[in-house]
Amino acid sequence: MSKENIGKCLLSNLLRQRRMTQADLAYLTGINKHQLSNYMNDKNVMSLKTARIISKSLKCKIDDLYDWIV
């Protein structure tokens, strides 16, 4: 995904709403906790493949993972 149209990562909010931890999400997705932390702290932007894996695990839309700048 291009960083140009992507705002803040909303993964922290989604996990908090679902009462989940990074460790829970790492277990569900197979994505390293350190990498999840990088997404949550806006150090990295998820690839489309990663966003799809996470959104399916959290039962949300890919659009729900970021603030989108239109």
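Computed from heavy atoms alone, side chains included, the values below leave out hydrogens, waters and symmetry copies.
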S.K.: Work out which heavy atom in Ile6 is nearest to a heavy atom in Trp68; give both atom names and the distance.
M.R.: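 Ile6 and Trp68 have their closest heavy atoms at CG1-CZ3, 3.4 Å.
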S.K.: Looking at every heavy atom in both Cys60 and Arg18, which two are closest together, and how far apart are they?
M.R.: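 Distance-wise, the nearest heavy atoms are CB-NH2, 3.9 Å.
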S.K.: Are Leu10 and Asp67 side-chain neighbours, meaning at least one heavy-atom pair lies under 4.5 Å?
M.R.: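 The answer is yes; the side chains approach within 4.5 Å.
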S.K.: Got a second to check how far Asn38's CG is from Ile31's CD1, nearest 0.5 Å?
M.R.: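 Nearest 0.5 Å value for the CG-CD1 distance: 12.0 Å.
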S.K.: Under 6.0 Å from the NZ atom of Lys8, do we count more than 12 heavy atoms belonging to anything else shown?
M.R.: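 Correct, the count exceeds 12.
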S.K.: Among Thr50, Val45, Leu65, which residue meets the side-chain contact (heavy atoms from CB on, under 4.5 Å) test with Tyr39?
M.R.: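 Only one option passes, and that is Thr50.
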S.K.: Using a 3.5 Å distance criterion without hydrogens, assess whether the side chain of Asn32 forms a donor-acceptor pair with backbone atoms of His34.
M.R.: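 Confirmed, Asn32 side chain pairs with His34 backbone.
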S.K.: Do side-chain atoms of Asp24 reach the backbone of Thr21 as a donor and acceptor pair under 3.5 angstrom?
M.R.: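 Yes, the answer is positive, given that a donor and an acceptor are paired below the 3.5 Å cut-off.
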S.K.: So do Ser47 and Arg52 actually touch side chain to side chain, heavy atoms under 4.5 Å?
M.R.: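 No; the side chains remain at least 4.5 Å from each other.
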S.K.: So, do Met20 and Leu14 sit near enough that their side-chain heavy atoms are less than 4.5 Å apart?
M.R.: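 With C-beta onward as the side chain, the pair stays apart.
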S.K.: Rounded to the nearest 0.5 Å, how far does NZ of Lys43 lie from CD of Gln35?
M.R.: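 It is 11.0 Å, given to the nearest 0.5 Å.
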S.K.: Over all heavy atoms of both residues, which pair between Ser57 and Thr29 is shortest? Give the atoms and the distance, please.
M.R.: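 Heavy atoms only, the tightest pair is OG-CG2, 3.3 Å.
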S.K.: I'd like to check Ser12 versus Gln17 (side-chain heavy atoms, cut-off strictly below 4.5 Å). Are they in contact?
M.R.: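 No, too far: nothing below the 4.5 Å cut-off.
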S.K.: Is Leu58 close to Asp64 at the side-chain level, that is, under 4.5 Å between some pair of heavy atoms?
M.R.: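 No, side chains not in contact.
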S.K.: Hey, could you give me the SG/CD1 distance between Cys9 and Ile54, rounded to the nearest 0.5 Å?
M.R.: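 One gets 7.5 Å once the value is rounded to the nearest 0.5 Å.
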S.K.: Are Gln22 and Ser37 side-chain neighbours, meaning at least one heavy-atom pair lies under 4.5 Å?
M.R.: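 Heavy-atom side-chain distance check passes, below 4.5 Å.
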S.K.: In the structure I gave you, are the side-chain heavy atoms of Leu25 and Leu15 within less than 4.5 Å of one another anywhere?
M.R.: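 Side-chain contact under 4.5 Å: yes.
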S.K.: Considering non-hydrogen atoms only, spot the tightest contact between Ser55 and Ile62 and give its length.
M.R.: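 Answer, listing the atom of Ser55 first, then Ile62: OG-CG1, 3.5 Å.
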